[in-house]
Amino acid sequence: MASLRVRRLLGPGRRWFSETVPGAPSPPASPLYPPVVASITAKSKAAKSRRLQRFNQRVHAAATVEEKLRLYGKLQRPKYTVYPQTFALNADRWYRSFTKTVLVPGMPPRAAAAKRSVATAGATPEAGRAPEPAAVEAPAAVEAPAAVEAPGAAEAPGAAEASGAAKTSEPAAGAAPYLDIGELRSLACDALLQESFYQKKKRPFLYRDQDHTPGPFLTQLVSTLAASLSSRNPLLAACSLDLNPEVNYYWHHGEEVVVHGHRKGRVDPVRFQIDDNPHLQIRVPKQLPEVVPLESDLGDVPVIDHKPSKLPLFKKQYENKVFIGSKVADPCCYGHTQFHLLPDKLKRERFIRERLEDQIEVVYRSNGIASLFAWTAAQAMYQGFWSEADVSRPFVSQAVVTDGKYFAFFCYQLNTLALTAETIKNNPRKNICWGTDSKPLYDVVEDGNVKGFNDEVLLQLIRFLLNRPKEL
Amino acid sequence: CVPGVRQAQWLTKTKLVEGLPPAVQAIVDNPALGLQELEERAKHVVSHARLWDTAEAAPRREKYCPVLFENLIHLCRSMSGKYPSLSKRMLARNCRIAATWERESILLQVRGLSGILMNSMTPIPPVASQEEILATKEHVLETFYPIAPTIDLQEVNVYKELNDTGQCFRDGYPYSHPHTLFFLESANARTDRFRPEQLRAKMLMFAFGNALAKAKALHGNDPKVLEQPVVVQSIGTDGQLFQFMVFQLNTTDLVSNDGVKNLVWIDSDQNLYERAQCVPEVKKRVVVKPAGISGFQPDTFKKFLALYLHGTV
């Protein structure tokens with residue numbers, strides 16, 4: 001009966017709608033129903049992505065950096081422990097693929113420009129790079145023209161040399177501070193002689209040769225050089241020098257299917273953790289300048305089709321730490337230079353004995369790449385960036401890897417933290433690592449004399465220590 | 001052996017003067033050194049060692065004591081930009097010291113690992129004037145009758161009388177003058193650490209040992225009064241409390257109780273800071289003690305730096 005009455009009410013010309021204004025109905029001011037989204041707790045892909053999104057929002061919205069780091073590493077699962085100092089064959093290729101790093105042999109172009117100008121100053125008759133205490137033009141005075149030209153720009157050699165030589169002669173007339181290579185060389189030789197010759201020590205403990213002589217020598221060398229160069233580099237005057245600090249970093253890269261256990265069959269990100277103990281660390285309150293722009297592409301990242309466990313790399317589950325050497329509250333939160341000492345297990349004679357001479361350089365390279373990636377990435381996390389919030393400026397740090405006699409120099413520029421499976425898809429940026437081969441600092445120490453001292457290595461070390469932002 | 005300072009004074013024939021010598025005090029009070037800017041950095045350095053250095057909540061004494069020392073030395077070394085002769089110093093760790101001498105027919109010997117030794121190419125000039133040295137002739141050494149002065153010392157049969165700091169370094173070492181000895185009491189448990197009194201005595205004995213060895217190397221083994229007294233400094237700390245000591249060896253004639261005595265200036269129990277709070281202490285939802293370093297005393301750092309700069313400024 002109700003329907004007959006309704007039909008009569010619904011006669012022609014009668015409207016059923018409550019509004020009397022003709023035209024399209026206006027949309028309601030606020031949605032009548034909540035948005036239809038996937039469930040949070042269901043066992044489905046949509047639910048998983050919704051949980052991930054909620055987690056990302058939680059980390060984005062964290063109030064302090066410590067809270068962000070705590071949430072980032074809250075979930076503990078089995079992860080691969082990556083050791084920077086490793087005997088694995090061709091480890092540096094694997095590490096480059098884990099960290100999306102391009103390896104460029106040699107030193108970055110800005111250092112090369114300074115080297116060229118220093119070499120031209122050597123060509124001029126007044127101040128050659130003679131072995132006797134000769135005054136070499138301070139890299140500070142040289143870097144001024146280099147900075148004016150443009151960092152990393154490979155100018156036509158003629159123009160650079162001409163302007164370099166012209167500008168170097170000008171400050172030479174003025175009161176520019178000369179870098180006395182002779183004095184720094186004598187400081188280095190004194191440190192070496194004290195540790196290896198003059199101080200009477202007991203015999204080294206078994207397999208602990210590195211703690212007996214090269215370790216103390218490296219500490220002495222760096223501390224005395226840093227102190228004497230602090231007048232030239234105000235960043236070194238405000239730096240924090242740490243012995244045996246800890247550097248940790250935790251990240252995801254790639255995806256895999258869980259093989260066994262109650263989570264079998266699920267797709268999981270591949271987790272990595274680096275726990276590193278450099279011998280010495282210099283941290284500064286201001287960041288080092290970028291070497292090349294953020295989006296530069298200097299080479300290819302190796303692609304490895306095998307599982308990381310084939311390297312060999314093993315999984316363990318423990319605390320996910322991200323640490324640069326001191327807590328977030330420290331004002332010296334940017335890295336400058338790290339010094340790594342290779343342990344006895346990885347000494348050159350061992351590789352030569354096992355006929356693996358080409359792996360000697362691999363050891364230095366893998367140590368440089370892994371340690372520097374961990375350090376720069378941890379510095380970036382301390383500034384609030386992470387894999388979902390990629391870095392807006394490149395983070396640059398340097399490292400020296402040595403076994404007491406042979407030194408290899410590395411410079412790393414972190415351009416991207418986005419290495420997880422989703423964020424790496426549309427990410428064209430790559431991290432860049434410049435590295436040299438290992439060169440000896442001296443030939444042999446006998447009877448209180450250092451024979452065959454190599455000035456090149458010392459100069460490179462000094463250049464590393466003098467690196468600073470352009471404003472300073 | 002752990003003698004008190006009074007016993008150590010008798011054993012080394014030394015007269016004690018409280019406070020730092022005037023030469024060092026002059027460096028502390030000298031405004032031209034720019035010690036004010038360093039205060040800020042010293043505070044940072046203390047915060048780093050005590051609060052920020054570890055991934056755990058709070059660093060333990062075994063970690064923060066050496067780290068604090070290294071940071072303070074790094075701060076002092078960075079002054080070598082202003083004073084280039086500061087680069088003529090070298091730190092030596094794990095030095096073994098050995099020195100022998102006779103006191104009233106008792107043969108005494110000091111041996112052991114003496115912490116960290118800083119050597120320099122040039123000796124420290126004598127701190128006390130000639131009159132003061134001659135005035136010590138009047139001073140009478142305190143005896144402990146009826147206690148023998150060698151109480152608590154270990155009696156051993158010595159077959160070889162070892163006698164030089166050359167024992168630690170070979171001949172021809174360019175940094176031949178011991179400048180300052182550093183003692184770090186960094187054991188975690190309080191029972192393993194030396195109490196301040198014992199630490200001061202240990203500092204005195206080792207400073208004396210180094211000075212005696214240097215004097216015998218320079219002037220020979222005969223006991224006599226030195227025309228050029230040998231000065232060795234010593235700093236001891238447990239991470240918070242600092243003991244400063246300047247020792248001047250005036251004579252190697254130690255058999256008799258009369259004559260010129262050696263001199264030591266001791267500035268004891270200087271606190272660098274009052275408290276280092278890693279996590280703020282909260283009682284009933286109110287922050288009672290905020291996190292950070294409280295009660296920082298810049299004077300203690302100034303004295304540390306003054307002892308470091310002594311001899312070159």
Side-chain angles (χ1 to χ4, degrees), chain A residues 177 180 183-184 186-187 189-191 193-195 197-202 212 215-216 219-220 222-234 236-248 275 280 282-283 285 319 321-333 447-448, chain B residues 37-38 40-41 43-45 47-49 51-59 63 66-67 69-84 86-96 98 113 117 119 121 164-176 278 291-292:
Chain A
D180 197 353
E183 193 191 313
L184 295 170
S186 69
L187 277 180
C189 289
D190 278 339
L193 285 171
Q194 183 195 313
E195 291 307 329
F197 183 71
Y198 282 123
Q199 187 171 354
K200 290 192 185 163
K201 303 181 186 175
K202 299 173 110 166
H212 187 253
T219 323
Q220 289 276 21
V222 176
S223 20
T224 37
L225 278 184
S228 54
L229 291 174
S230 61
S231 57
R232 239 169 264 287
N233 188 354
L236 275 185
C239 76
S240 173
L241 190 82
D242 285 344
L243 297 183
N244 234 354
E246 218 186 300
V247 173
N248 311 80
D275 295 315
L280 225 129
I282 298 181
R283 274 174 300 110
E319 193 196 343
K321 266 207 269 194
V322 176
F323 193 62
I324 65 168
S326 68
K327 292 191 185 157
V328 185
D330 196 344
C332 292
C333 51
D447 290 340
Chain B
E37 302 96 51
L38 284 184
E40 190 57 41
R41 291 190 59 200
K43 226 169 161 184
H44 271 311
V45 142
S47 309
H48 171 256
L51 304 175
W52 302 326
D53 187 40
T54 170
E56 299 136 24
K63 187 119 199 285
V67 168
F69 166 71
E70 293 293 334
N71 289 345
L72 288 173
I73 289 286
H74 178 62
L75 258 191
C76 297
R77 255 203 291 251
S78 61
M79 298 279 280
S80 64
K82 255 196 206 168
Y83 303 102
L86 273 184
S87 57
K88 304 271 182 287
R89 304 267 183 93
M90 191 64 80
L91 270 182
R93 292 156 210 266
N94 298 329
C95 262
R96 313 192 73 87
L113 285 176
L117 172 64
N119 293 305
M121 280 191 184
D164 19 27
T165 10
Q167 193 61 14
C168 190
F169 296 101
R170 288 201 222 203
D171 300 322
Y173 185 48
Y175 302 89
S176 50
C278 289

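Numbers restart at 1 for each chain; the letters A, B, ... are given by sequence-line order, proteins then strands. In this text, all values refer to a predicted model and were calculated from it rather than measured experimentally.
- The most heavy-atom pairs under 4.5 Å with chain B, out of Ala329(A), Ser228(A), Ser231(A), come from Ala329(A).
- Heavy atoms only, all atoms of each residue included: Arg283(A) and Cys332(A) are closest at NH1-O, 3.0 Å.
- Note: Cys239(A) leads Cys239(A), Ser186(A), Pro216(A), Pro245(A) in heavy-atom pairs under 4.5 Å with chain B.
- Evaluation of the salt bridge (Lys or Arg N to Asp or Glu O under 4.0 Å) rule for Lys63(B) yields Asp53(B) as partners, not counting sequence neighbours.
- Comparing Ala238(A), Gly448(A), Ala226(A) by heavy-atom pairs within less than 4.5 Å of chain B, the highest count is held by Ala238(A).
- For Phe323(A), the part sitting under 4.5 Å from any heavy atom of chain B is the side chain, from C-beta outward, and nothing else.
- Considering every non-hydrogen atom in both Cys278(B) and Ala58(B), the closest pair reads SG-CB, 3.5 Å.
- The part of Asp242(A) that comes within reach of chain B is its side chain, from C-beta onward, which places non-hydrogen atoms under 4.5 angstrom from that chain.
- Listed here is the closest heavy atom pair of Thr224(A) and Leu187(A): O-CD1, 4.5 Å.
- Of the residues considered (Ala191(A), Ser223(A), Ser230(A)), Ser223(A) shows the highest number of contacts with chain B, using heavy-atom pairs under 4.5 Å.
- Enclosure of atom NZ in Lys43(B) is not indicated, since only 12 or fewer non-hydrogen atoms of other residues, nucleotides or ligands lie within 6.0 angstrom.
- In this structure, no portion of Ile73(B) lies under 4.5 Å from any heavy atom of chain A.
- Counting heavy-atom pairs closer than 4.5 Å to chain B, the top-ranked of the candidates Leu236(A), Val328(A), Leu241(A) is Leu241(A).
- Both the backbone and the side chain of Arg77(B) have a heavy atom closer than 4.5 Å to some heavy atom of chain A.
- With a 4.5 Å cut-off on non-hydrogen atoms, Gln220(A) touches chain B through its side chain but not through its backbone.
- A donor-acceptor pair is defined here as one N or O able to donate and one able to accept, closer than 3.5 Å; such a pair exists between the side chain of Gln199(A) and the backbone of Arg93(B).
- With a 4.5 angstrom heavy-atom cutoff, Ser326(A) touches chain B via backbone and side-chain atoms both.
- For Gln194(A) against Leu91(B), the heavy-atom pair with the smallest separation is NE2-O, 3.2 Å.
- Most heavy-atom pairs under 4.5 Å with chain A, from the set Cys76(B), Ala55(B), Ser87(B), Ser78(B): that is Ala55(B).
- Scanning all heavy atoms of the two residues, the minimum distance from Asn71(B) to His48(B) falls at ND2-ND1, 3.0 Å.
- Looking at Glu56(B), the atoms closer than 4.5 Å to chain A (heavy atoms on both sides) all sit in the backbone: N, CA, C or O.
- Counting heavy atoms from C-beta outward, Asp190(A) and Pro174(B) have side chains that approach closer than 4.5 Å.
- In terms of heavy-atom pairs under 4.5 angstrom with chain A, the leader among His44(B), His74(B), Glu70(B), Arg89(B) is His74(B).
- Only the side chain of Leu243(A) has a heavy atom closer than 4.5 Å to any heavy atom of chain B.
- When all heavy atoms of Leu280(A) and Thr219(A) are compared, the closest pair comes out as CD1-CA, 3.8 Å.
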